[in-house]
Amino acid sequence: MDKEKSRSYWRANTALIRNLLIVWALVSLGFSILLVQPLNTIRFFGVPFGFWMAQQGSILTFVLLIFIYAFQMDKLDRKYNIKR
């Protein structure tokens, strides 16, 4: 792989990681800590939504982010013809 293609690949890789970390921060800090009081006014399966996000929603989001990262990296590897 030439230098420019390699640089472009890593730029796309770090952009993907940055975007997923932003989602992770919004869910873990935003919904589970900063916005917990307003979210608790909403009921979700009989429990306050802020509590549910802190306990279950954030975990499900993190697992989903892992699958999104794996899928997107596979796409990125195919785009730049990275062989394993």
Side-chain angles (χ1 to χ4, degrees):
M1 182 183 321
D2 66 349
K3 200 169 199 126
E4 185 58 37
K5 191 174 178 183
S6 176
R7 207 174 275 144
S8 179
Y9 172 78
W10 284 106
R11 193 175 306 121
N13 185 0
T14 55
L16 173 63
I17 292 170
R18 181 197 63 231
N19 293 339
L20 293 177
L21 283 173
I22 289 170
V23 172
W24 171 77
L26 285 173
V27 170
S28 64
L29 294 173
F31 293 148
S32 301
I33 297 172
L34 300 175
L35 298 174
V36 73
Q37 292 302 325
L39 289 175
N40 277 340
T41 61
I42 303 167
R43 304 294 284 183
F44 187 73
F45 290 116
V47 296
F49 188 64
F51 174 77
W52 188 87
M53 277 303 293
Q55 300 302 314
Q56 301 297 325
S58 58
I59 295 170
L60 294 175
T61 302
F62 300 151
V63 171
L64 180 66
L65 288 177
I66 292 169
F67 285 107
I68 290 171
Y69 176 75
F71 178 75
Q72 292 296 327
M73 278 306 298
D74 189 47
K75 239 169 73 170
L76 195 62
D77 287 348
R78 276 188 267 125
K79 177 181 176 182
Y80 287 95
N81 200 22
I82 304 295
K83 294 180 173 59
R84 298 175 205 221

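Only heavy atoms go into these numbers, but all of them, side chains included; no hydrogens, no water, no symmetry mates. In what follows, residues are counted from 1 in the order of the sequence shown.
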(message) So, taking the atom named CD in Q56 and the one named CZ in F49, what distance separates them when rounded to the nearest 0.5 Å?
(response) 12.0 Å
(request) For Y69 and L20, work out which heavy atoms get closest and say how close. (result) CB-CD1, 3.6 Å
(request) Identify the two heavy atoms, one from A54 and one from S32, that lie closest to each other, and give their separation to 0.1 Å. (result) CA-OG, 3.5 Å
(request) Output the distance between atom CG (L16) and atom CZ (R11), rounded to the nearest 0.5 Å. (result) 15.0 Å
(request) Could you tell me whether the side chain of I17 reaches within less than 4.5 Å of the side chain of L21, counting heavy atoms only? (result) yes
(message) Within this structure, what is the CZ-NZ distance for the pair R78 and K75, rounded to the nearest 0.5 Å?
(response) 8.5 Å
(request) Look at the side-chain heavy atoms of Ile, Leu, Val, Met, Phe, Trp and Tyr, link any pair under 4.5 Å apart, and say whether I59 and L26 land in one connected group. (result) no
(message) Just verifying a value: how many Å separate S28 OG and L34 CG, rounded to the nearest 0.5 Å?
(response) 9.5 Å
(request) Take L76 and Q72, measure what side chain to side chain contact (heavy atoms under 4.5 Å, CB included) needs, and give me the verdict at the end. (result) CA-CA 6 Å; L76 195 62; Q72 292 296 327; over 6 Å; no
(request) State plainly whether one hydrophobic cluster holds both V27 and I33, where clusters connect Ile, Leu, Val, Met, Phe, Trp and Tyr through side-chain heavy atoms under 4.5 angstrom apart. (result) no
(request) Group every Ile, Leu, Val, Met, Phe, Trp and Tyr by side-chain heavy-atom contacts under 4.5 Å, then state whether M73 and I82 land in the same group. (result) yes
(request) Compare every heavy atom of L39 with every heavy atom of F31, then report the nearest pair and how far apart it is. (result) O-CD1, 3.6 Å
(message) Which Ile, Leu, Val, Met, Phe, Trp or Tyr residues join V63 in one cluster when any pair of side-chain heavy atoms under 4.5 Å counts as a link?
(response) F67
(message) Please determine whether residues M53 and F44 belong to a single hydrophobic cluster, defined as Ile, Leu, Val, Met, Phe, Trp and Tyr linked transitively by side-chain heavy-atom distances below 4.5 Å.
(response) yes
(request) Give the minimum heavy-atom separation between P48 and N40, together with the two atoms involved. (result) CB-OD1, 3.1 Å
(request) Treating Ile, Leu, Val, Met, Phe, Trp and Tyr as nodes and any side-chain heavy-atom pair under 4.5 angstrom as an edge, say whether W52 and V36 lie in one connected cluster. (result) no
(request) Just say parallel, tilted or perpendicular for the rings of F62 and W24, cut-offs at 30° and 60°. (result) tilted
(message) Main chain of A70, side chain of D74: is a donor-acceptor contact present, judged purely on distance under 3.5 Å?
(response) no
(message) If you apply the rule side chain to side chain contact (heavy atoms under 4.5 Å, CB included), what do you find for Y9 with D77, and how did you get there?
(response) CA-CA 8 Å; Y9 172 78; D77 287 348; 2.6 Å; yes
